[in-house]
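In what follows, a single structure is set out as structure tokens and then discussed.
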Amino acid sequence: MRRALLVLLGAVVPLAFTGVAHAAPECPDPAWVETPTGTDAQLRGLSAVDSRTAWVSGSRGTILRTTDRGRTWKPVAPAGTEALDFRDIEAFDAEHAVALSIGPGDASRIYRTDDGGESWRLSFQNSDPAAFYDCVAFFDHRRGLAMSDPVDGKFRLQSTSDGGRTWKPVPAEGMVPALDGEFGFAASGQCLTTSGPRDAWIATGGGARARVLHSGDGGKTWEAADTPLPSGASAGVFSVTFRDPRHGVAIGGDYAAPNAPGPAVALSADKGRTWRTPSEAPVGYRSGLAWLGNTVLAVGPGGSDLSPDGGRHWKSFDTGSLDSVDCARGACWASGAKGRVARLGTA
């Protein structure tokens, strides 16, 4: 099964030269393998560690972890957080993870665990009623950023250099001004992403234009680029991901009109300075993205899609609702509504 999936997703499998032409092997289609979680919470936060281990998080203070390929999921949320909505989680391995809850004022919090969720420490609690934190992302096991919707006309950032144990505000001078009504979507924990030791991107919507903001110095200074995606009160870029510091994909649409026509995906080959619409795109609104080698996976309430060539051409392979997708060490996981979590396999 693993060999068939690698062939399907564009990996090269050499054959010994015999002088005889070989037909390409017929490969099964990709498919999500369901892993029942025992909850009906909306699971928008997701972090893949490998084929055995993943973390998910979501509504009603839910955080779950598996270490056996999804056969069992263990509830590991901090005590007393049932009223919180954990929209993002970033796991370093089976024992260490950082979880972000969203909301106005002190509902925006960051917790860290060092023992697989047996215990958690509150490392950040927002004190500004105007701030609303959406996403968190890490450059490595120590350095990371957390992003809030604009306050006083600019997106607000917190930074950590100790793996999320402590946080400090990033000076606002380096951030570009926000558009009127602009914000980030906390739909999949993917409105903030990183690649390499210095590059970070923020996905935006809500304003007159859907934009991607880029920093090349670890979050100190930022520049903005327009994308061709629609923007408005319920529309914009919901997820952005980069295979390397140059090649990225942005995806979104309008969650209030999930089947509306119009470009839902854009590609960049220059660190996000410019974005273009590919010749093909998933049909309708999508909220999550992940790279698996040169292949891109996209998910949303209307289904899942796969592009074997970096976002230029797409194929639908699942019609179920999912919010987020993440890949690590050759394994891909997805999560969404009504407690749905699945790992990528073959049909």
Side-chain angles (χ1 to χ4, degrees), residues 1-16 21-38 43-56 64-73 91 94 188-190 239 241 243 247 249 251 264-265 278 280-347:
M1 178 182 291
R2 176 173 172 79
R3 181 181 184 277
L5 184 60
L6 289 173
V7 173
L8 173 71
L9 299 183
V12 176
V13 181
L15 296 173
H22 290 270
E26 185 175 339
C27 300
D29 290 332
W32 292 118
V33 179
E34 304 293 330
T35 65
T37 59
L43 301 173
R44 296 184 184 271
L46 168 66
S47 188
V49 175
D50 52 36
S51 62
R52 296 187 60 84
T53 303
W55 301 64
V56 292
L64 307 174
R65 184 191 67 149
T66 184
T67 57
D68 58 7
R69 295 175 60 82
R71 284 189 288 272
T72 60
W73 288 89
S188 60
Q190 297 180 340
S239 174
T241 183
R243 183 185 67 198
H247 300 90
V249 182
I251 206 162
V265 65
E280 295 180 8
V283 178
Y285 157 67
R286 295 291 184 266
S287 57
L289 281 173
W291 288 94
L292 179 61
N294 293 325
T295 296
V296 188
L297 296 171
V299 300
S304 300
D305 311 274
L306 179 149
S307 171
D309 55 7
R312 293 189 294 275
H313 301 90
W314 294 84
K315 175 184 179 181
S316 173
F317 69 93
D318 185 88
T319 58
S321 176
L322 289 164
D323 294 313
S324 189
V325 60
D326 192 32
C327 301
R329 297 179 175 87
C332 296
W333 297 77
S335 65
K338 298 181 179 179
R340 187 184 185 198
V341 179
R343 54 182 173 80
L344 191 66
T346 52

Who passes side-chain contact (heavy atoms from CB on, under 4.5 Å) against Ala337, sequence neighbours left out?
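Counting only residues at least two positions away or on another chain, Ala337 forms a side-chain contact (heavy atoms from CB on, under 4.5 Å) with Gln42, Ser321.
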
side-chain contact (heavy atoms from CB on, under 4.5 Å) against Arg343, all qualifying residues, sequence neighbours excluded:
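So Arg343 forms a side-chain contact (heavy atoms from CB on, under 4.5 Å) with Val33, Thr35, Arg69, Trp333.
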
Determine yes or no for a side-chain-to-main-chain donor-acceptor pair under 3.5 angstrom, with Arg243 supplying the side chain and Gly293 the backbone.
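A pair under 3.5 Å: no.
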
4.5 Å side-chain heavy-atom contact, Asp326 and Trp55:
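They are not in side-chain contact.
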
Any side-chain heavy-atom pair from Val296 and Leu289 closer than 4.5 angstrom?
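The answer is yes, as the side chains (C-beta and beyond) meet within the 4.5 Å cut-off.
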
Taking all heavy atoms of [X] and all of [Y], pick out the closest pair and write down the distance.
{"X": "Ile251", "Y": "Pro282", "answer": "CD1-CG, 4.2 Å"}
{"X": "Ala331", "Y": "Ala48", "answer": "O-CB, 4.5 Å"}
{"X": "Val341", "Y": "Leu43", "answer": "CG2-CD1, 3.6 Å"}
{"X": "Ser47", "Y": "Ala91", "answer": "OG-N, 2.9 Å"}
{"X": "Ser188", "Y": "Ser287", "answer": "OG-O, 2.7 Å"}
{"X": "Val249", "Y": "Val265", "answer": "CG1-CG2, 3.5 Å"}

Taking Pro30 as the fixed residue, which of Asp318, Leu306, Thr295 is the one that meets the side chain to side chain contact (heavy atoms under 4.5 Å, CB included) rule?
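Of all the options given, the one that passes is Leu306.
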
Among all residues two or more places apart in sequence or in another chain, which pass the side chain to side chain donor-acceptor pair (under 3.5 Å) test with [X]?
{"X": "Ser307", "result": "Asp309"}
{"X": "Ser316", "result": "none"}
{"X": "Thr37", "result": "none"}
{"X": "Ser304", "result": "Trp32"}

Quick check for you: to the nearest 0.5 Å, what is the distance between Arg65 atom CZ and Thr72 atom OG1?
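If I round to the nearest 0.5 Å, the distance is 9.5 Å.
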
First locate atom CZ of Arg312, then atom CG of Asn294, and finally report the distance between them rounded to the nearest 0.5 Å.
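It comes to 9.0 Å.
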
Give me each pair satisfying disulfide bond (SG atoms under 2.5 Å apart) with a member in residues 282-327, each pair once, sequence neighbours excluded.
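Counting only pairs at least two positions apart or across chains, the disulfide bond (SG atoms under 2.5 Å apart) contacts touching residues 282-327 are Cys327-Cys332.
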
With sequence neighbours excluded, give me every ring pair (Phe, Tyr, Trp, His ring centres under 6.0 Å) pair touching residues 284-303.
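Of all non-adjacent pairs touching residues 284-303, those that pass ring pair (Phe, Tyr, Trp, His ring centres under 6.0 Å) are Phe238-Tyr285.
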
Sort and list the pairs that fulfil salt bridge (Lys or Arg N to Asp or Glu O under 4.0 Å) and have at least one residue in residues 280-290, not counting sequence neighbours.
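Checked against salt bridge (Lys or Arg N to Asp or Glu O under 4.0 Å) - neighbours excluded - the pairs reaching residues 280-290 are Arg286-Asp305.
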
Residue pairs passing the salt bridge (Lys or Arg N to Asp or Glu O under 4.0 Å) test where at least one lies in residues 46-55, sequence neighbours excluded:
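Output for this query is empty, none listed.
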
State which residues pass ring pair (Phe, Tyr, Trp, His ring centres under 6.0 Å) with Trp314; sequence neighbours excluded, sorted by chain then number.
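Here no residue qualifies.
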
Checking Glu34 now: which residues fulfil salt bridge (charged side-chain N to carboxylate O under 4.0 Å, His left out) with it, not counting sequence neighbours?
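Glu34: salt bridge (charged side-chain N to carboxylate O under 4.0 Å, His left out) contacts with Arg340.
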
